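Working notes for the structure below.
These figures come from a predicted structure and were not determined experimentally. In what follows, chains carry the letters A, B, and so on, assigned in the order in which the sequence lines appear, proteins first and then strands, with residues in each chain numbered from 1.
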Amino acid sequence: MAIVPVIQSAVSAQINKLYQVDLDPSSITVSETKPEFEGDYTVVLFALLKTLKKKPEELGNELGQALVAGNATLFSGFNVIKGFLNLAVSDSFWLQFLKEQYNDPQYGRHPRNGKRVMVEYASPNTNKPLHLGHLRNIFLGWSVAEIYKANGYEVVKTCIANDRGIHICKSMIAWQLFANGATPESTGIKGDHLVGDYYVKFGEELKKQMAPIIEKKQAELLESGKTPEETAKYLHDKKEELEKEAPIMKAAQQMLIDWEAGKPDVVELWRTMNGWVYKGFDETYKRIGANFDKVYYESETYLLGKELVEEGLRKKVFFLKDDGSAWVDLTKDGLDEKIVRRRDGTAVYITQDIGLAEVKKNEFNCDLSIYVVGDEQNYHFKVLKLICQKLGLEGADGIFHLSYGMVELPTGRMKTREGTVVDADDILDEMIRESELKTKEQGKTEGLSEEELKNLYEIIGTGGLKFFLVRVDPKKRMIFNPEESIELHGFTATFVQYTYARSQSVFRKELYTGGEIGAELLPLEKQLIITLERYADIIKQAGDEMNPSVIAGYVFEVAKLYNTFYNEHSILKAESPVKKELRLQINQMTAHVIKSGMALLGIRVPDRM
RNA sequence: GGACCGGUAGCUCAGUUGGAUAGAGCAGCUGCCUUCUAAGCAGCAGGUCAUUGGUUCGAAUCCAAUCCGGUUCACCA
């Protein structure tokens with residue numbers, strides 16, 4: 001059992017004994033004592049003063065004495081400063097804890113709880129390669145899934161491939177017009193990039209075709225007496241409408257219609273080009289360790305939800321407007337009216353999502369269904385959950401949108417049009433190249449084979465990127481500074497990995513035996529054990545908050561403290577054999593927690609670097 | 001205009017149901033390798049916690065208002 005609840009119970013019990021007052025143990029504030037004070041844990045007394053009708057000093061002293069007397073194996077002393085009761089936990093407690101846990105490979109993980117959770121993440125469009133924003137999504141989603149496993153859940157990782165729609169048709173048209181039959185094989189270009197290139201090509205061609213159309217419209221407007229400002233505004237507002245006049249846009253829209261009609265050559269091309277993209281994605285997924293238990297394809301789900309609209313109309317959750325479109329009124333919930341079926345009878349995005357939510361529930365029956373999607377869709381998911389609840393769908397309450405902020409560059413948002421989008425493969429390559437450079441500079445890898453070296457560069461490079469993207473609170477938008485991301489000092493994966501490698505270098509010389517570890521702890525030894533003790537709690541917190549940055553911060557804290565300890569006390573040249581064994585066990589437990597914590601972030605740690 | 005999110009050191013970020021003198025990293029400055037890995041350690045310096053008011057033993061944290069930034073409110077996905 002974790003120590004904080006133990007202390008809370010002890011405090012609660014002593015208060016009951018002393019003052020005959022019943023307090024819920026979890027209501028008692030217990031925190032780690034700040035380093036500038038003596039003691040290990042602090043009970044904050046202020047909140048108790050009123051109910052117990054005591055002065056702070058008085059209560060602190062009475063309670064402190066009772067706690068030490070009543071729990072001799074746990075507490076070794078106390079002091080009271082203002083309203084804070086500082087308790088010293090006896091060394092024997094920590095030594096016992098270390099003895100039991102130092103070599104447990106499952107340490108920190110929680111037992112199975114019988115619950116099942118689905119995590120949907122990544123979910124790319126199939127018309128262009130992955131970029132930095134996807135990476136934040138993927139690292140986050142994958143990590144949250146692992147954190148849920150560590151919290152005792154069974155996890156189903158899913159992905160929805162947005163494989164149909166106007167976006168892919170744009171790539172297809174451009175490919176037909178300009179590619180001369182180019183394929184990934186014939187060009188040597190990775191499939192997702194090749195398809196993406198034609199998506200860009202489409203945009204360029206559209207721009208070309210738009211120039212005369214805009215010019216003509218502009219002349220018309222000015223001639224009809226509009227001011228230049230009015231004209232500019234009109235052109236801006238009606239941009240999309242005007243684009244529909246361009247031949248290449250018309251062709252793309254026709255292609256979408258043909259696709260929905262199942263026109264064989266269109267479907268064939270669609271299949272081929274999506275195939276290239278998937279192959280490209282798979283390569284990227286593989287190098288970053290992303291994986292899915294189940295992939296849904298929008299082309300198979302986009303017609304879902306239509307019966308649910310009928311059902312919603314029957315249940316009066318939805319209503320019809322005069323033109324035949326179906327809506328839901330969410331104004332009472334503080335939102336707006338939202339369309340769920342178009343005038344022409346076709347489903348909209350939200351309708352598909354309602355249908356897919358039902359399919360997911362039927363197929364996997366998860367208690368919780370997490371969607372890792374950017375915060376620009378906050379409104380959408382609020383609506384989705386609300387509609388599912390109103391429809392009375394099973395699992396509606398389990399829908400949770402794990403919303404994360406956009407990744408920006410120091411120069412601002414990434415923009416396709418300005419070519420500032422950071423490509424996932426490019427940035428990974430760069431990180432790995434950089435780690436190779438720095439590793440060679442360090443010159444500590446003598447004796448490793450070519451393959452081991454290549455593996456090492458990858459561990460450091462991809463690990464660095466993952467850590468960088470996952471170390472900040474998901475909710476917040478973050479700034480990606482390329483120079484900072486390849487940094488190897490401070491709050492980085494490399495620092496933590498290096499710390500692990502250090503611990504392993506000790507074990508290459510000598511291993512723990514499981515023998516005697518003595519009866520006393522030096523301050524740094526104790527501090528490290530106290531920090532390691534928090535690991536299970538950290539895993540729980542990260543799960544409750546769906547927040548991997550909790551793990552990242554913790555692992556960094558452990559590494560920092562270990563380095564201080566390592567610098568201050570020699571392990572192999574300890575003062576006595578007992579001390580050596582103690583430190584070897586601390587070394588082992590620290591190494592395990594670092595490795596395990598990093599694994600929850602999808603980051604591997606090397607034995608040497 | 002409505003809804004939601006954010007504003008903490010020069011920069012990037014932490015800050016547990018409100019608790020002691022608000023913490024890290026980077027950048028800057030000063031020391032420490034004949035030692036288990038210096039990709040490290042120790043130290044110095046750096047703050048109007050956006051602003052104003054309120055709640056109370058106590059507020060970066062809760063409430064209200066204001067300012068600034070972002071997202072969203074499509075018969076797009």
Side-chain angles (χ1 to χ4, degrees), chain A residues 26-27 29 31 33-34 36-37 42 44-47 49-50 56 81-84 86 125 162 164-167 240 298 302 321 323-327 334-344 346-350 352-353 374-380 382-383 403 405-406 408 410 413 435 438-439 441-442 444 460 468 471-473 475-481 483-484 487-492 494-499 501-510 537 541 544-545 549-550 552-553 556-557 559-560 563-574 583-584 587 608-609:
Chain A
S26 63
S27 74
T29 308
S31 54
T33 303
K34 300 222 162 196
E36 55 269 36
F37 300 97
T42 298
V44 183
L45 303 172
F46 297 105
L49 298 178
K50 239 181 209 168
I81 299 170
K82 293 196 280 182
F84 300 95
N86 299 321
N125 289 352
N162 298 115
R164 55 132 245 144
I166 193 71
H167 53 84
E240 275 185 39
E298 197 201 342
Y302 80 108
K321 287 201 176 176
D323 63 5
S325 55
W327 294 72
L335 306 175
D336 305 305
E337 288 185 351
K338 181 88 188 172
I339 192 162
V340 292
R341 191 177 65 192
R342 292 189 188 97
R343 179 174 40 189
D344 64 11
T346 55
V348 296
Y349 177 49
I350 189 106
Q352 302 171 32
D353 266 5
D375 62 8
E376 68 272 13
Q377 296 204 39
N378 284 355
Y379 182 79
H380 171 77
K382 221 185 244 183
V383 170
S403 160
M406 195 176 312
E408 290 178 22
R413 293 182 63 165
S435 70
K438 287 284 159 60
T439 304
E441 238 170 67
Q442 290 287 334
K444 296 181 186 175
I460 297 173
F468 191 83
R471 71 180 194 183
V472 302
D473 188 335
K475 285 196 293 294
K476 298 194 179 174
R477 68 198 155 97
M478 66 174 296
I479 295 181
F480 182 86
N481 185 333
E483 279 161 35
E484 248 177 73
E487 180 61 52
L488 308 175
H489 307 274
F491 190 17
T492 64
T494 310
F495 174 87
V496 180
Q497 288 166 326
Y498 174 74
T499 306
R502 268 183 147 179
S503 73
Q504 297 312 294
S505 81
V506 174
F507 285 147
R508 272 193 296 277
K509 304 224 161 157
E510 197 166 341
D537 216 45
Q541 189 195 340
D544 290 346
E545 294 178 12
S549 78
V550 171
F556 176 61
E557 190 187 332
K560 232 178 0 170
N563 278 321
T564 302
F565 159 80
Y566 181 95
N567 215 262
E568 195 68 29
H569 304 297
S570 177
I571 297 171
L572 297 179
K573 291 183 185 162
R583 289 180 193 160
L584 283 167
N587 195 50
R608 287 183 58 188
M609 66 187 278

Which value, in whole Å, describes the distance between the [atom1] atoms of nucleotides [N] and [M]?
N	M	atom1	answer
B:C36	B:G43	P	24 Å
B:C44	B:G53	P	35 Å
B:A20	B:G15	P	15 Å
B:A60	B:C4	P	25 Å
B:A50	B:C68	P	16 Å
B:U35	B:G23	C1'	33 Å
B:U12	B:G19	C1'	28 Å
B:C57	B:C29	C1'	42 Å

Stacking check A:Tyr498 vs B:G40 (5.5 Å / 30 deg): no
Would you mind telling me which of [options] lies closest to the side-chain atoms of [X]?
X	options	answer
A:Phe556	B:U71, B:A24, B:G19	B:A24
A:Ile81	B:A20, B:C4, B:G40	B:A20
A:Asn563	B:G40, B:C36, B:C26	B:G40
A:Lys573	B:A77, B:A20, B:C36	B:C36
A:Trp327	B:C75, B:A20, B:C36	B:C75
A:Glu240	B:A74, B:A20, B:U72	B:A74
A:Phe84	B:A20, B:C75, B:C41	B:A20
A:Val348	B:G70, B:A77, B:A74	B:A77
A:Lys475	B:G6, B:C75, B:G40	B:G6

Rounding to an integer number of Å, can you tell me how far [X] [atom1] sits from [N] [atom2]?
X	N	atom1	atom2	value
A:Tyr566	B:C33	OH	C1'	12 Å
A:Lys438	B:G40	NZ	C1'	16 Å
A:Gln377	B:C76	CD	C1'	11 Å
A:Lys338	B:C73	NZ	P	7 Å
A:Leu335	B:A74	CG	P	12 Å

Using a heavy-atom cut-off of 4.0 Å across all strands, would you classify [X] as base, sugar-phosphate, or nothing?
X	value
A:Tyr349	base
A:Glu298	sugar-phosphate
A:Ser31	nothing
A:Phe495	sugar-phosphate
A:Thr564	sugar-phosphate
A:Gln442	base
A:Arg413	sugar-phosphate
A:Arg341	nothing
A:Asn162	nothing

Determine the minimum heavy-atom distance between A:Ser570 and A:Arg583, stating which atoms define it. O-NH1, 2.8 Å
Charged tip of A:Arg164 within 45° of A:Tyr302 ring normal and under 6.0 Å: yes
For A:Asp344, is there an ion pair with A:Arg342 - N to carboxylate O distance below 4.0 angstrom? no
Regarding A:Gln377 and A:Tyr349, do their side chains bring together a donor and an acceptor under 3.5 Å, going by distance alone? yes
Does either side chain, that of A:His167 or that of A:Asn162, offer a donor lying less than 3.5 Å from an acceptor on the other one? no
Pairwise side-chain contact, A:Ser549 with A:Val472, heavy-atom cut-off 4.5 Å (strictly under): no
So, do A:Tyr566 and A:Val506 sit near enough that their side-chain heavy atoms are less than 4.5 Å apart? yes
Once you measure the plane-to-plane angle for A:Phe480 and A:Phe468, does it fall in the parallel (<30°), tilted (30-60°) or perpendicular (>60°) bin? perpendicular
Below 3.5 Å is the cut-off: list the nitrogen or oxygen pairs between protein and nucleotides 10-13 of chain B, distance only.
unit_1 : atom_1 : unit_2   : atom_2 : d
B:C13  : OP1    : A:Ile479 : N      : 3.0

Where does B:C62 land, syn or anti, once you apply the within-90°-of-0 test for syn? anti
Taking A:Asn587 for the side chain and A:Ser503 for the main chain, is one N or O donor matched with an acceptor at less than 3.5 Å? yes
Got a second to check how far A:Ile460's CD1 is from A:Lys438's NZ, nearest 0.5 Å? 11.0 Å
Taking only Watson-Crick and G-U wobble pairs with both distances under 3.5 Å, what dot-bracket line describes RNA chain B, where [ ] shows pairs that cross earlier ones and | shows pairs with another strand? (((((((..((((.....[...)))).(((((.......))))).....(((((..]....))))))))))))....
Should we count CD of A:Glu483 as having more than 12 external heavy atoms under 6.0 Å? no
A:Asn563: partners by side-chain contact (heavy atoms from CB on, under 4.5 Å), with sequence neighbours left out: A:Phe495, A:Thr499, A:Arg502
Go through the N and O atoms of the side chain of [X] and the base of [N], and report whether any donor-acceptor pair is under 3.5 Å.
X	N	answer
A:Thr42	B:A20	yes
A:Thr29	B:U17	yes
A:Asn86	B:A20	yes

